[in-house]
Peer 1: 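Provided herewith is a single structure, encoded as structure tokens, for subsequent inquiry.
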Amino acid sequence: MQTATHGQVLARFGHALSDPTRARLLLALCDAPGYPARLAELLGTSRQNLSNHLACLRGCGLVVAVPEGRRSRYELADAKLAHALRDLLGLVLAVDPTACAESDAAGCC
């Protein structure tokens, strides 16, 4: 196992949160572990799409698959992630829509 630097950890977390479906998936897993079929239904996406997002989140080290017989249950890799996500949701951001207007195509905002 390779140890990541603080910057790499934050970059992985940022990548995971950069997609709305992955962000919603992480929030769903904050509430409780879940099975892919139920999570896909909850998020209104296909199982294949959800599988791709779960693979990304596993690769980022944010979720783990817990085998249960022939199925796998997914949960956050560390309980501290739920706390961190809830803390992020509690932030109050002052958004200046004009600051990102020119760079929006580059994915700034």
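Every value quoted in this text rests on a predicted model; they were computed, and no experiment measured them. Counting begins at 1 with the first residue of the sequence.
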Peer 1: Is any side-chain heavy atom of Pro36 closer than 4.5 Å to one of Arg47?
Peer 2: no
Peer 1: Write down the atom of Asp19, the atom of Thr21, and the distance for their closest heavy-atom approach.
Peer 2: OD2-N, 2.9 Å
Peer 1: Which distance, rounded to the nearest 0.5 Å, do you find between the SG of Cys60 and the CG of Leu17?
Peer 2: 9.5 Å
Peer 1: Provide the closest heavy-atom pair for Arg12 versus Gly59 in the form atom of the first, atom of the second, distance.
Peer 2: NH1-O, 2.9 Å
Peer 1: Pairs under 3.5 angstrom only: tabulate donor-acceptor contacts from the side chains of residues 79-87 to other protein residues two or more places apart or in another chain.
Peer 2:
| residue | atom | partner | partner atom | Å |
| --- | --- | --- | --- | --- |
| Arg86 | NH2 | Cys30 | O | 3.2 |

Peer 1: Which atom pair, heavy atoms only, marks the closest approach of Ala40 to Leu50?
Peer 2: N-CD2, 3.7 Å
Peer 1: Specify the closest pair of heavy atoms between Pro67 and Ser72, including all atoms of both residues, with the distance to one decimal.
Peer 2: CA-OG, 4.2 Å
Peer 1: Going only through I, L, V, M, F, W and Y residues with side-chain contacts under 4.5 Å, is there a path from Leu89 to Leu10?
Peer 2: no
Peer 1: NE2 of His53 to CG of Leu26: how many Å apart, nearest 0.5 Å?
Peer 2: 11.0 Å
Peer 1: Main chain of His15, side chain of Arg22: is a donor-acceptor contact present, judged purely on distance under 3.5 Å?
Peer 2: yes
Peer 1: State, yes or no, whether a side-chain contact exists between Val64 and Arg58 at a heavy-atom distance under 4.5 Å.
Peer 2: no
Peer 1: May I ask you to test the Leu25-Thr45 pair for a side-chain heavy-atom distance under 4.5 Å?
Peer 2: no
Peer 1: State plainly whether one hydrophobic cluster holds both Val66 and Leu62, where clusters connect Ile, Leu, Val, Met, Phe, Trp and Tyr through side-chain heavy atoms under 4.5 angstrom apart.
Peer 2: no
Peer 1: Verify the cluster assignment for Val63 and Leu27: are they in a single hydrophobic cluster under the rule of side-chain heavy atoms below 4.5 Å apart?
Peer 2: yes
Peer 1: Are Leu88 and Leu29 linked, directly or through intermediate hydrophobic residues, by side-chain heavy-atom contacts shorter than 4.5 Å (ILVMFWY only)?
Peer 2: yes
